[in-house]
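Quick caveat, the model's predicted, so the values are computed rather than measured. Numbers here are sequence positions counted from 1.
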Amino acid sequence: ELFASLTREKEREGASPDYLTDIKSRLGKFTKAFGNRNAAGFEPQEISDWLVGLGVAPTTQANYRRLLVILFNHGRRLKVCPDNPAEDAMKPKVKESAIGIVTPAETRKVLGACCEDILPAIAIALLAGVRDAEVQRLNWEDVDLAGGFITITADKAKSARRRLIPIRQ
C-alpha cells in the first residue's frame with residue numbers, strides 16, 4: 001500500500017516518465033520480495049541484506065537504497081513508519097571513476113560517421129554536454145544559433161530546472 005501511495009503521489013506531482021519507471025521497477029522488486037509486510041516493521045539490517053542479495057554493482061545498490069529512503073520517508077509523512085530504516089541501511093561504497101574526455105580526432109570520427117538525420121542530436125550531446133534523454137526532447141526552437149544558446153526548458157530537463165547552454169564557435 002505504501003508503494004502504491006508513493007507512486008500515486010509522484011504521478012500527481014508530475015514526475016517524469018523515466019523517474020516513475022525507475023520507482024516502479026526498483027521499488028516494485030522490493031515490494032515483491034517482501035510481500036504485504038507492515039512498513040513499520042523493517043530493520044536496517046534486513047534492507048542492507050536485501051541490497052547485497054541483489055547481486056548488483058554498488059552504484060545500482062545505491063540507486064535502490066535512494067528510492068527506499070524516499071519510500072520510507074513517505075511512510076513517515078503518512079505516520080505509518082516511526083522511522084526510516086533505509087537511512088540506516090548500509091551505504092554501498094561507490095568508487096568514482098575518471099570522466100573520459102573525447103579527443104578532437106574521436107569527435108571528428110563520430111560526427112563523420114553519423115547520418116544527417118541524427119547528426120544534430122549527436123553533436124549537441126557530444127559538444128554541449130546535454131543528456132541523451134534531454135536531447136531526445138529538444139525541438140529546433142530550443143536551439144538559438146543566432147543568440148548562441150540551447151535552451152533546456154524545465155519540462156525537458158532531468159532536474160526540472162531551465163538551463164541555458166552557450167553555443168561556442
Side-chain angles (χ1 to χ4, degrees), residues 1-102 118 121-122 124-139 142 149-166:
E1 290 174 16
L2 185 60
F3 166 61
S5 172
L6 175 66
T7 303
R8 284 190 304 272
E9 179 180 281
K10 294 300 180 184
E11 287 170 344
R12 278 192 308 273
E13 289 174 355
S16 74
D18 288 344
Y19 183 62
L20 290 171
T21 297
D22 194 33
I23 286 175
K24 291 173 184 176
S25 173
R26 294 181 199 275
L27 295 181
K29 188 178 280 191
F30 179 78
T31 301
K32 187 175 180 180
F34 289 100
N36 289 325
R37 287 265 310 269
N38 185 327
F42 281 91
E43 294 294 328
Q45 187 58 52
E46 68 183 311
I47 292 174
S48 297
D49 292 344
W50 182 77
L51 289 169
V52 170
L54 290 171
V56 295
T59 300
T60 304
Q61 288 176 1
N63 289 333
Y64 274 96
R65 183 182 178 279
R66 175 182 48 82
L67 290 176
L68 288 169
V69 168
I70 291 168
L71 176 70
F72 285 103
N73 277 340
H74 179 68
R76 258 199 317 219
R77 281 192 306 278
L78 296 177
K79 308 275 191 254
V80 298
C81 297
D83 56 6
N84 187 332
E87 285 180 339
D88 294 326
M90 65 112 187
K91 290 183 180 178
K93 189 171 189 168
V94 178
K95 294 181 182 176
E96 293 288 326
S97 58
I99 296 173
I101 297 175
V102 181
I118 66 165
I122 300 299
I124 289 171
L126 190 62
L127 301 171
V130 178
R131 295 175 179 96
D132 181 56
E134 293 171 338
V135 169
Q136 292 176 32
R137 296 181 197 121
L138 286 178
N139 298 311
D142 299 319
F149 286 97
I150 299 169
T151 302
I152 309 294
T153 58
D155 62 321
K156 295 176 183 171
K158 176 182 177 182
S159 63
R161 297 183 75 172
R162 179 178 178 263
R163 293 194 330 271
L164 288 178
I165 299 168

Taking all non-hydrogen atoms of both residues, which atom of [X] and which atom of [Y] are closest, and how far apart?
| X | Y | result |
| --- | --- | --- |
| Val94 | Ala62 | CG2-CB, 4.1 Å |
| His74 | Leu6 | NE2-N, 3.4 Å |
| Arg161 | Ala157 | O-CB, 3.3 Å |
| Leu2 | Ala39 | CD2-CB, 3.7 Å |
| Lys10 | Ile23 | CG-CD1, 3.8 Å |
| Pro92 | Met90 | CD-O, 3.4 Å |

Worked verdict on Thr60 versus Arg26 for side chain to side chain contact (heavy atoms under 4.5 Å, CB included): CA-CA 10 Å; Thr60 304; Arg26 294 181 199 275; 3.7 Å; yes
Less than 4.5 Å apart, any side-chain heavy atom of [X] and any of [Y]?
| X | Y | value |
| --- | --- | --- |
| Pro166 | Leu164 | no |
| Ile165 | Glu134 | no |
| Asn63 | Asp22 | no |

Could you check whether any side-chain N or O of [X] sits under 3.5 Å from a backbone N or O of [Y], counting only pairs where one atom can act as donor and the other as acceptor?
| X | Y | result |
| --- | --- | --- |
| Arg163 | Ile152 | no |
| Ser5 | Glu1 | no |
| Arg65 | Glu87 | yes |
| Ser48 | Pro44 | yes |

Stepwise side chain to side chain contact (heavy atoms under 4.5 Å, CB included) check, Asn139 with Lys156: CA-CA 10 Å; Asn139 298 311; Lys156 295 176 183 171; 3.2 Å; yes
Starting at [atom1] of [X], measure out to [atom2] of [Y] and round the result to the nearest 0.5 Å.
| X | Y | atom1 | atom2 | result |
| --- | --- | --- | --- | --- |
| Arg37 | Thr31 | CZ | OG1 | 12.0 Å |
| Asp142 | Ile150 | CG | CD1 | 9.0 Å |
| Thr7 | Arg12 | OG1 | CZ | 10.5 Å |
| Glu13 | Glu9 | CD | CD | 4.5 Å |
| Lys24 | Tyr19 | NZ | OH | 12.5 Å |
| Thr153 | Arg137 | OG1 | CZ | 9.5 Å |

Residue pair Trp50, Lys29: steps toward the side chain to side chain contact (heavy atoms under 4.5 Å, CB included) verdict: CA-CA 11 Å; Trp50 182 77; Lys29 188 178 280 191; 4.1 Å; yes
Residue from Asn84, Asp88, Ile47 passing side-chain contact (heavy atoms from CB on, under 4.5 Å) with Val69: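 Exactly one candidate clears the test, Asn84.
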Heavy atoms of other groups near Glu46 CD, more than 12 under 6.0 Å: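 Atom CD in Glu46 is crowded, with more than 12 foreign heavy atoms closer than 6.0 Å.
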Derivation of the salt bridge (charged side-chain N to carboxylate O under 4.0 Å, His left out) call for Asp18 and Arg131: CA-CA 13 Å; Asp18 288 344; Arg131 295 175 179 96; over 6 Å; no
Steps toward ring pair (Phe, Tyr, Trp, His ring centres under 6.0 Å) verdict (Phe30, Phe42): CA-CA 12 Å; Phe30 179 78; Phe42 281 91; 5.4 Å; yes
